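All remarks here apply to the structure that follows.
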Amino acid sequence: MGGAGAGAAAVAPAPEPAAPAGVGVQAVRQGNVTVDGATLRYTVSGSGSPLVLLHGWPQTSWAWHEVLPTLARQHTVITFDLPGLGASTVPAGGYDKATTARRIRQAVNQLGFTQVALLGHDLGAMVAYNYARDFPTEVSRIGVVESPLPGFGLENFYGVSWHFLFNASPAPIPERIMDNEDVPTYLGMLFDRTQHPEAIDRSVYHRAYSDPAKRTAGYEYYRALKADAADNQAQAQAKRLTMPVLAMGAQAVFGPAVAASYQQVAADVRTVVAPDTGHWIPEENPDFFSACALLFFGPATGTPASPDLTGCAP
């Protein structure tokens, strides 16, 4: 795998909205940190135990803007735009999730954190898994949201949405089919097919993917899924996760399939089905998402306030 179509040099980041302000704890710190092959945009906010948030495709770290203020009241929350996406630069290669996890870990370490919890959505969940798998002594807990794992069930859903195989098509097929003017139509299709499409701040993501190099970076993450599956299958048993895993699926999409996938690679998996939401849970049902995350990543004495939150218990 590599950055076919991404170019050999890093591409300057596109403008992004400011990080969510007014978290009620402390000002948001934001900037850039250089890792192997890329420069990553980050934010750090709040106080307490460190919690790293990893977004998916076709989004940026703005995906957390509804839940970040709440999470930052109890945690030091670190967000990144994944390499090649948002305001991060485009690496020439290394879009497999193990390499991406190593880059994220480098950034986390450079920001001064060595022991963290991880919470990832969509592609970010795959990256979080590889981070926890390859650096288990540095991860206390992990949350994976709305994505089964490549090699352990994700492939069963490729027929549900044609974007999986379209994005994974060899370069330059999607690059030549998808122009800048097509971005709102393509991403709009994905955002419209959900429970609460009005909750998605889609103009932000349209702008983020108006750069052809950013779109290619997104395709490269999908082109790497076959290699990710082989890597996961080869290492799953020798590197079985032992830390607690929160596996959350949306009621209208993956549901318990996320937990069923991770039960094959982890010893302690908590099944959570987020109610009244489609794929974009942090934006469609931020209250449930925040309550679940605060419970799971919070004190061991925490207790669920409703039956829906049972799987979120620490």
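What you see is a predicted model, and the numbers here were worked out from it, not measured in a lab.
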- Query: Do Y222 and F166 have ring centroids that are under 6.0 Å from one another?
  - Reply: no

- Task: State, yes or no, whether a side-chain contact exists between L241 and P136 at a heavy-atom distance under 4.5 Å.
- Result: no

- Validation row, ring centre F191 to ring centre W280 under 6.0 Å: yes

- Do T194 and E284 get their side chains close enough for a donor-acceptor pair, meaning under 3.5 Å? yes

- Under 6.0 Å from the six-membered ring centre of F296 and within 45° of its axis: does the NZ or CZ of R141 meet both? yes

- Task: Please assess V52 against L119 for the test side-chain contact (heavy atoms from CB on, under 4.5 Å), listing each intermediate value before the final yes or no.
- Result: CA-CA 6 Å; V52 177; L119 180 55; over 6 Å; no

- Query: Taking NZ, NE, NH1 and NH2 as the nitrogens, is one of them in R215 or D182 under 4.0 Å from a carboxylate oxygen of the other?
  - Reply: no

- Hey, are E220 and K214 close enough for a salt bridge, meaning a charged N less than 4.0 Å from a carboxylate O? no

- Checking ring-ring contact (aromatic ring centres under 6.0 Å, His included) against F164, which of Y221, W57, Y219, Y158 comes through? Y158

- Message: Determine whether D81 and S61 satisfy the following criterion, side-chain hydrogen bond (donor to acceptor under 3.5 Å, both in side chains), listing intermediate values before the conclusion.
- Response: CA-CA 5 Å; D81 284 343; S61 57; 2.7 Å; yes

- Task: For the pair D268 and R270, find out whether any cationic side-chain nitrogen is under 4.0 Å from an anionic carboxylate oxygen.
- Result: yes

- Query: Hey, what's the ring geometry for W64 with F289, parallel, tilted or perpendicular (30° and 60° as the breaks)?
  - Reply: tilted

- Residues, nucleotides or ligands: over 12 heavy atoms within 6.0 Å of K239 NZ: yes

- With a 3.5 Å cut-off and no angle check, do the side chains of H196 and D276 form a donor-acceptor pair? yes

- Taking the inter-plane angle between the rings of F254 and H279 on a 0 to 90° scale, is it parallel (under 30°), tilted (30 to 60°) or perpendicular (over 60°)? perpendicular

